[in-house]
Amino acid sequence: MGPATQQRHRTRAGRPAARRPRAAADDDGGVRCEACGSGRHADELLLCDGCDRGLHIFCLRPILPRVPAGDWFCPSCAAATTTTAHSAKSAAVVQTKMPKQFPLIQTKIVDFFKIQRRPAFAAPEPPEGRKRKRKAASALVVSKKKSRKLLPFTPSEDPVRRLTQMASLATALTATGAVFSNDLTYVPGMAPRSANQSALEAGGMQVLPREDAETLSLCKRMMEQGEWPPLLVVFDPVEGFTVEADRHIKDLTIITEYVGDVDYLRNREHDDGDSIMTLLSAAPPSKSLVICPDKRSNIARYINGINNHTPEGRKKQNLKCVRFAIDGECHCLLVANRDISKGERLYYDYNGDEHEYPTHHFV
């Protein structure tokens, strides 16, 4: 991300040695990122001019496309500079503005999500059964890969409950001014689809195995037919919209793909959105892409990221955010990394090392 010469004092690499940072130190005495705990990528490790703590530009939310010129303050120091009156007013708005509930009417929900109409919203055939039939001819292969296969979500059997789950997402999308999309979208004036090439990933990107790609396709087909993942979007006065499991979810279950408009990272330098996700970390950086779910999105937008380098964060984290190559294009999936109980809120690792994605995530 090549900062200019006058900007180099903003990073760990260029900070004068006489001014010792108070951030956590590496084994060699250097500064570590407060979010991910790593001291790597020193040229992208910002040091706060207020507290000297370090943060990678790609660990910030929203992420920064390059090292900023001039003074820079971390989110904590920046928040401390706001007036008490302004903070109190903002807090009051967040706590009192309850969203208008989307009507629990089947026809409206079907139209909102453009669901393929089926008789009486019939209960789906369990995905496990479908998968057994489809894989019966290759039982030996399935047995060998059993420990690492991704699983399709299991919809709630009660059709009314599925309507409730869909209505909760429709409520959140309507309140935030977004429309539903379950795929990456490419719009004029932003990055074209031809820019999404996994071969450009710095260091390479792992390819989603064929069986797992089929499972992802199965999940999307189920949603097109109204067979919804067992998730509820709820409104929290402090956190805003967030997502809870509405039934038990098994480890390695595909929760959703992170989707939205695809744009070049360089175009989002002044974007104040808090849900931007890295899609392609390219070499050269000018070709790096991000997912912007502010206008078109699915339930992934409302799932909270969490710092999993703290004891509390590690305890809460129940999803893994992983980027894969599918048919030569980059995709980002949220996958359960342990069993999730009903009523448990979902959290993914927002500060995973987006520069390196090993091939053994699900071994």
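Being a predicted model, the structure only gives us computed values, none of them experimental.
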Which pair of non-hydrogen atoms, one from [X] and one from [Y], has the smallest distance, and what is that distance?
{"X": "Y264", "Y": "S286", "result": "CD2-O, 3.7 Å"}
{"X": "E239", "Y": "D236", "result": "N-OD1, 2.9 Å"}
{"X": "S198", "Y": "C330", "result": "CA-SG, 3.5 Å"}
{"X": "A178", "Y": "D294", "result": "CB-O, 3.7 Å"}
{"X": "L55", "Y": "C74", "result": "CD1-CB, 4.1 Å"}
{"X": "C332", "Y": "M277", "result": "SG-CG, 3.9 Å"}

Side chain [X], main chain [Y], donor-acceptor under 3.5 Å:
{"X": "D339", "Y": "K250", "answer": "no"}
{"X": "S288", "Y": "A282", "answer": "yes"}
{"X": "T215", "Y": "E211", "answer": "yes"}
{"X": "T171", "Y": "F102", "answer": "yes"}
{"X": "D49", "Y": "F73", "answer": "no"}
{"X": "R162", "Y": "P230", "answer": "no"}
{"X": "Q165", "Y": "L232", "answer": "no"}

L279 and V290: side-chain contact (heavy atoms from CB on, under 4.5 Å), yes or no, with the steps?
CA-CA 5 Å; L279 179 63; V290 291; 5.8 Å; no

Can you hop from [X] to [Y] via hydrophobic side chains spaced under 4.5 Å?
{"X": "V179", "Y": "V259", "result": "no"}
{"X": "V262", "Y": "M190", "result": "no"}
{"X": "I115", "Y": "I299", "result": "yes"}
{"X": "V160", "Y": "L231", "result": "no"}

Would you give the length of the straight line joining atom [atom1] of [X] to atom [atom2] of [Y], rounded to the nearest 0.5 angstrom?
{"X": "F235", "Y": "S168", "atom1": "CZ", "atom2": "OG", "answer": "14.0 Å"}
{"X": "M205", "Y": "H331", "atom1": "CE", "atom2": "NE2", "answer": "9.5 Å"}
{"X": "T256", "Y": "N298", "atom1": "OG1", "atom2": "CG", "answer": "3.5 Å"}
{"X": "D251", "Y": "I249", "atom1": "CG", "atom2": "CD1", "answer": "11.5 Å"}
{"X": "R210", "Y": "I326", "atom1": "CZ", "atom2": "CD1", "answer": "14.0 Å"}
{"X": "R247", "Y": "S341", "atom1": "CZ", "atom2": "OG", "answer": "13.0 Å"}

After noting the C-alpha distance and the side-chain angles of L150 and L208, does the key distance pass the side-chain contact (heavy atoms from CB on, under 4.5 Å) rule?
CA-CA 10 Å; L150 298 185; L208 187 67; 4.1 Å; yes

Report yes if the side chains of [X] and [Y] come closer than 4.5 Å at any heavy-atom pair, otherwise no.
{"X": "F112", "Y": "T174", "result": "yes"}
{"X": "Q317", "Y": "N337", "result": "yes"}
{"X": "C321", "Y": "Y258", "result": "no"}
{"X": "H248", "Y": "I340", "result": "no"}
{"X": "V234", "Y": "V243", "result": "no"}
{"X": "F324", "Y": "V207", "result": "no"}
{"X": "N196", "Y": "L184", "result": "yes"}
{"X": "S38", "Y": "H56", "result": "yes"}

Got a sec: does the CZ of R338 have more than 12 other heavy atoms crowding it under 6.0 Å?
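Yes, the 6.0 Å shell around CZ holds more than 12 heavy atoms from other groups.
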
Salt bridge (Lys or Arg N to Asp or Glu O under 4.0 Å) between D349 and K320: does it pass, once the steps are laid out?
CA-CA 6 Å; D349 53 328; K320 183 70 178 176; 3.1 Å; yes

Taking 4.0 angstrom as the limit, do [X] and [Y] come out as a salt bridge?
{"X": "R296", "Y": "D261", "value": "yes"}
{"X": "R221", "Y": "E227", "value": "no"}
{"X": "R161", "Y": "D246", "value": "yes"}

Under the ring pair (Phe, Tyr, Trp, His ring centres under 6.0 Å) rule, what pairs show up with a residue in residues 177-228, not counting sequence neighbours?
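Of all non-adjacent pairs touching residues 177-228, those that pass ring pair (Phe, Tyr, Trp, His ring centres under 6.0 Å) are F113-F180, F113-W228, F180-W228.
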
Test applied, side chain to side chain contact (heavy atoms under 4.5 Å, CB included); reference residue, I255; option that passes from V335, L333, L319
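Result for side chain to side chain contact (heavy atoms under 4.5 Å, CB included) with I255: L319.
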
L104 vs T164, test: side-chain contact (heavy atoms from CB on, under 4.5 Å). Steps then yes/no.
CA-CA 7 Å; L104 192 62; T164 301; 3.9 Å; yes

Quick one: do K316 and E344 satisfy salt bridge (Lys or Arg N to Asp or Glu O under 4.0 Å)? Show the steps, please.
CA-CA 9 Å; K316 283 187 175 181; E344 190 175 344; over 6 Å; no

So, applying salt bridge (charged side-chain N to carboxylate O under 4.0 Å, His left out) with E257, which one of R301, K220, R323 is it?
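Exactly one candidate clears the test, K220.
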
Would you check, one step at a time, whether the test salt bridge (Lys or Arg N to Asp or Glu O under 4.0 Å) holds for K149 with E214?
CA-CA 11 Å; K149 276 193 312 181; E214 291 176 356; over 6 Å; no

Determine whether N182 and M223 satisfy the following criterion, side-chain contact (heavy atoms from CB on, under 4.5 Å), listing intermediate values before the conclusion.
CA-CA 9 Å; N182 212 27; M223 292 185 68; 3.5 Å; yes

Does K342 form a salt bridge (Lys or Arg N to Asp or Glu O under 4.0 Å) with E244? I'd like the steps, not just the answer.
CA-CA 8 Å; K342 179 178 179 180; E244 295 180 353; over 6 Å; no

